[in-house]
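Shown next, in structure tokens, is the structure this report addresses.
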Amino acid sequence: MNVFNYLSDVIRMEIEALCDAGALPAGLDLSSVSVEPPREAEHGDAACNAALVLAKQARRKPREIAEHLAERMEGRVEIRAAEVAGPGFVNLRLTDEFWWARLSELLATGPGYGATNLGGGQPVNVEYVSTNPTGPLHVGHARGAVVGDALANLLAHMGFAVTREYYVNDAGAQVDTLARSVHTRYREACGEAIGTIPEGLYPGDYLVPVGKALAARDGRRWLEEPESAWLPEIRRFAIDAMMDLVRADLDALGVRHDVFRSERELVDEGRVDDAYAALEAAGLIYSGVLEPPKGKRDEDWEPREQSLFRASAFGDDTDRPLRKSDGAWTYFATDIAYHRDKIERGFTDLIDVWGADHGGYVKRMKAAVAALSGDSASLDVKICQMVKLLDGGEPVAMSKRAGRFVTLRDVVDEVGRDVVRFIMLTRRNDAPLDFDLRRVTEQSRDNPVFYVQYAHARACSALRRGAEIVPEPELAPAALARADLTSLDDPAELDLIRRLCQWPRVLVGAALAHEPHRIAFHLQELAADFHLLWTRGKDDPRLRFVDGERPAETRARLALISAVKIVIAEGLALFGVEPVQEMR
RNA sequence: GCGCCCGUAGCUCAGCCGGAUAGAGCACUUGAUUCCUAAUCAAGAUGUCGCAGGUUCGAGUCCUGCCGGGCGCGCCA
């Protein structure tokens, strides 16, 4: 049960009853009535704004409405107290019995508590990573990869039919550069002296084995050929090799995709022409000359007539070119075709996860999606800000030559996949993130990964000890759901139950807002409540989780601990992080 | 010059379609360990929510303008 949805329904019923009784006029619009956890614990378990929202349309004073509502709420068995507070809030306090019942419910549900069919099977396309296949992934890419992956996990958990997608930019000039770079390494592998890598080619060592592999496969046949002869073949070979590299890097992070969509295939299949024709038919393409960009160096700029998409008709600042001067498609044109491809595959709910350097691109892509779908599809772009890599507070040099910790693989090898994944989700995607290699592996309160994992490990530890008192079959969540929980009457214990019961609400909020970081914050708060209770048991033997002298109380507390373990494990699973059983 | 994002405690950040006296952690001070992991916990102090207007019962949250920082700005992807 989502407690707040439940209370919201109850409040609506009681308002209807007040209307029927004539205390309020009929036909009130209740859409903005909400029941939420109050910021301050003193304000009770839940606060309702109904009286404030309804005052104007009911033509009554807020407090007067609140008094009536509070009176009715107090009449309900699950309500211990309903108080009018402040300008007209109704603060609700629920009985202990109500909370114990919720804990039982959580345990009876077991793993998967909080998962709902919010999405109703609606298809959602989440596109993330989508880096150019020209080299290994760097730390910056890890953030988008993890955010996209966790968001996809979350949406799938909440009943959306999620497709995880990677757009392979294998058609532009950069992959030609890649092919030339590989050809150079190929000549090297064939025994030619290549000297320093020419300016404009990719110098990285990661291409050395690619050159060797090409030489091993094709021998010396490309040495005497002109570029036009070898470029397509070597380009294909190089892209395949780079995508293998990228996939391996993603695999090291535990990030996966369902679909790898190739830009080149879109072009070859004529999908860009189709998209162009569709926009043209809609009268959204014209030939025109753009204003020169201001504030940027203008020397090379000259007026040029181009095929322009009327992005400005859909909220963009200016219209955007679709063809380069040589007639080739711009990146935007192929990206339009790609998003049209998604829409044609039946997606009306599109999410793109991009890096900060693509921020200026959001409006035009949204404009394109609006134009292509006739406003029936929505695009949400999650821009991931920079990751600042630190080591003990000092910035880590990010130059390729320095070679230290610049690649995603290096960071994963250094601190571990789970740490990278969790830390990447401890900030809103649109805020910059400090990633301190030393701090994230510290075992201390200010390392959120550790703090949450430690709570899980402690829960496991207590359950292991509990197994010495309570027979194994009775330790299963479904069995603990039937335990007598009435001894869980300490405020700290009830606070913990309340926190656990917020989980369904957190998941819904995070899923609707596309904000997985909310889960990280909730897990930290849950861990804090749990650690507090744990330490309290040191002072107050009555609160200890496992006590052989008092099996009934032990059973109740093991139920509580089991619930903590379930929620933390579920949250970590959404993040793709393995919960640890013990930490030594 | 224009666009997007950000600006909340000394530091790093939460703040959920506008809600009550704006919250955590770190750092600082003090305290808790024969007791389930003290790798933890408790107590104390900390604010012109960048600035100025506006919208309304109510603004950190919405609107406008300014200031500061980041990212970007046709024929790169």
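Reckoned from all heavy atoms, side chains included, excluding hydrogens, waters and symmetry mates. Letters A, B, ... mirror the listed sequences (proteins, then strands); counts begin at 1.
- One finds no side-chain N or O of A/Lys324 lying less than 4.0 angstrom from the OP1 or OP2 phosphate oxygen of B/G74.
- Using a 4.0 Å heavy-atom cutoff across all strands shown, A/Tyr454 reaches at least one base atom of the nucleic acid.
- A/Met583 comes within contact range of at least one nucleobase, with a heavy-atom separation under 4.0 Å.
- Using a 4.0 Å heavy-atom criterion, one finds that A/Asn91 contacts the bases of the nucleic acid, with or without backbone contacts as well.
- A distance of about 22 Å separates the P atoms of B/C6 and B/G10, rounded to the whole Å.
- Among the protein residues, A/Ala85 comes within range of the nucleic acid bases, having at least one heavy atom under 4.0 Å from a base atom.
- Contact check, A/Lys538 against B/A38: a side-chain N or O comes under 4.0 Å of OP1 or OP2.
- Both thresholds, 5.5 Å between centres and 30° between ring planes, are not jointly met by A/Phe89 relative to the base of B/G19, so the two rings are not stacked.
- Residue A/Arg465 places its side chain closer to B/U37 than to any other of B/U37, B/C71, B/G74.
- Considering only side-chain N and O atoms, A/Tyr361 lies nowhere under 4.0 angstrom from the phosphate OP1 or OP2 of B/C76.
- Side-chain contact of A/His43 with A/Asn91: a donor-acceptor pair under 3.5 Å is absent, judged by distance alone.
- At whole-Å resolution of the value, CZ in A/Arg544 and P in B/C41 are 18 Å apart.
- For the residue pair A/Asn132 / A/Thr134, no side-chain donor-acceptor distance below 3.5 Å is found, with atom types taken as modelled.
- Evaluation of A/His43 against the base of B/A20 yields a stacking contact (centre distance < 5.5 Å, interplanar angle < 30°).
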